[in-house]
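Report on the following structure.
For clarity, every value in this text was computed on a predicted model and none was experimentally measured.
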Amino acid sequence: MPHLESHLDPEVLTLLAIGEPVATPAEQDHLSTCPRCAVELSALTRTVVAGRSTVLLEDLESPPERVWSRISEELGFSASAATSGAAAAAEIDPAAETARMDPADVGALRSTGGTAQTPVPRRRRSGLIRGLFVLAASVAVLGVVVGGWALTRQAAVVELASAELAAFPDHPGAVGSAVVVERGDERVIEVTLEADVDPDSNREVWLITEDATEIISLGMLEGQTGEFVVPDAVDLREFVLVDVSDEPVDGDPTHSGDSIVRGALDFA
């Protein structure tokens, strides 16, 4: 059996992806041994499956010219290639393409989701290929947009305040810190503590007003670091003191009076 010396033509790969048995024996043999062509066919096939699961071919919209320009820049095409690509997609008239098809072909495509094995004439192949390229481009651009949005969301962390937590006399050598950040719709306090404490007791993080008349528990500190969500109703400019206490396991939810470290928030 003859072997191909080059990779499969993109048009052949595209037609195979939409279900047309157009590959010659030599092309089939090449596809079974060439990882590059196999990967390209797999990617095109996934695009077809995604498209068929959401819309029919006649529902696809052609991306604007700026999308074609961006695709061409990524692939290193010339400006004329971008223009011709956009023009080719704009020429697609799904209704006209369907009208030119034989009724039997239309029925077969609709009943099988577009996977009929009867080869489609070349004049209609171009429309299918361009439609598939439009779908692939749309999927790629959507991935870029969503990925960029996700990265922006992850990067949107703003530091609001911080505090150095000084040791109380009963806990010499203890040191700690607190940083308040805005992460999305939440305010989070990141607390760090280094201290020698009773392993059988708990370390509890508190917010206290400057005059020590009101106090709020944020939760237990497990290990040396922890993160605690600040309730929306809490004004940190009032509850300005961050305190970490040594709490015995006695079932009493109030502050033990044994503070390890404490410090005032300094707002950025």
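The minimum heavy-atom distance linking Phe228 with Leu221 is given by the pair CZ-CA, 4.0 Å. When all heavy atoms of Arg262 and Ser259 are compared, the pair lying nearest together is NH2-OG, 3.3 Å. Heavy atoms only, all atoms of each residue included: Asp9 and Glu11 are closest at OD1-N, 2.7 Å. When all heavy atoms of Leu41 and Ala17 are compared, the pair lying nearest together is CD1-N, 3.8 Å.
Between the side chain of Glu40 and the backbone N or O of Cys37 there is no donor-acceptor pair closer than 3.5 Å. A donor-acceptor contact shorter than 3.5 Å is absent between the side chain of Thr213 and the backbone of Thr209. Glu214 places no side-chain N or O within donor-acceptor distance of the main-chain N or O of Phe239, the cut-off being under 3.5 Å.
Residues Pro231 and Leu218 form a side-chain contact, since some pair of their non-hydrogen atoms from C-beta on lies under 4.5 Å apart. Side-chain contact between Val157 and Glu182 is absent, with no heavy-atom pair separated by less than 4.5 Å. By the 4.5 Å heavy-atom criterion applied to side chains, His30 and His7 are counted as neighbours. Looking at heavy atoms from C-beta onward, Val188 lies out of side-chain contact with Val180 at the 4.5 angstrom threshold. Considering only heavy atoms from C-beta on, Val234 comes within 4.5 Å of Ile216 through its side chain.
Annotation: side chain to side chain donor-acceptor pair (under 3.5 Å) contacts of Arg187 (sequence neighbours excluded): none. Residues satisfying the side chain to side chain donor-acceptor pair (under 3.5 Å) criterion with Thr254, sequence neighbours excluded, are Asp252. Partners of Glu190 under the side chain to side chain donor-acceptor pair (under 3.5 Å) rule, at least two apart in sequence or in another chain, are Arg183. Residues passing the side chain to side chain donor-acceptor pair (under 3.5 Å) test with Ser42, sequence neighbours excluded: Arg46.
From Leu241, atom CG reaches atom CG of Leu236 across 11.5 Å, with rounding to the nearest 0.5 Å. In this structure, CG in Leu13 is found 6.5 Å from CG in Leu44, a value given to the nearest 0.5 Å. Distance check, rounded to the nearest 0.5 Å: CD of Glu238 to CG of Asp211 gives 9.5 Å.
Looking at Asp266 and Ser162, their side chains never bring a donor and an acceptor atom within 3.5 Å of each other.
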Inset, instruction - Show your reasoning for whether side chain to side chain contact (heavy atoms under 4.5 Å, CB included) applies to Val261 and Asp243. - result: CA-CA 6 Å; Val261 292; Asp243 178 280; over 6 Å; no
Inset, instruction - List the steps, then state whether side chain to side chain contact (heavy atoms under 4.5 Å, CB included) holds for Thr225 with Val191. - result: CA-CA 6 Å; Thr225 62; Val191 177; over 6 Å; no
Inset, instruction - Apply the test side chain to side chain contact (heavy atoms under 4.5 Å, CB included) to residues Thr14 and Glu20: give CA-CA distance (whole Å), side-chain angles for both, the deciding distance (0.1 Å), then the verdict. - result: CA-CA 9 Å; Thr14 304; Glu20 289 199 59; over 6 Å; no
Inset, instruction - Begin with the C-alpha distance, continue with both residues' side-chain angles, and end with the deciding distance and a verdict on side chain to side chain contact (heavy atoms under 4.5 Å, CB included) for Leu16 and Val22. - result: CA-CA 7 Å; Leu16 290 174; Val22 297; 4.2 Å; yes
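Around the CD atom of Gln28, the shell of radius 6.0 Å holds more than 12 heavy atoms that belong to other residues, nucleotides or ligands. Annotation: Asp235, atom CG; neighbour count of heavy atoms from other residues, nucleotides and ligands within 6.0 Å is above 12.
Val230 is connected to Phe267 through a chain of hydrophobic side-chain contacts under 4.5 Å among Ile, Leu, Val, Met, Phe, Trp and Tyr, so both are in one cluster. Note: the hydrophobic cluster containing Val158 also contains Leu265 (ILVMFWY, side chain heavy atoms under 4.5 Å, direct or indirect links). Side-chain heavy atoms closer than 4.5 Å link hydrophobic residues (I, L, V, M, F, W, Y) into clusters, and following such links, even through other members, never connects Ile189 to Met220.
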If you look only at distance, which donor and acceptor atoms sit under 3.5 Å apart when one is on a side chain in residues 198-208 and the other is two or more places apart or in another chain?
from	atom 1	to	atom 2	distance (Å)
Asp198	OD1	Asp200	N	2.9
Ser201	OG	Asp198	O	2.8
Ser201	OG	Asp246	OD1	2.5
Arg203	NH1	Ser201	O	2.9
Glu204	OE2	Ser217	OG	2.5
Trp206	NE1	Glu204	O	3.4
Trp206	NE1	Ser245	OG	2.8

Between side-chain atoms of residues 168-179 and protein atoms elsewhere (two or more places apart, or another chain), which donor-acceptor pairs fall under 3.5 Å?
from	atom 1	to	atom 2	distance (Å)
His171	NE2	Asp258	OD1	2.9

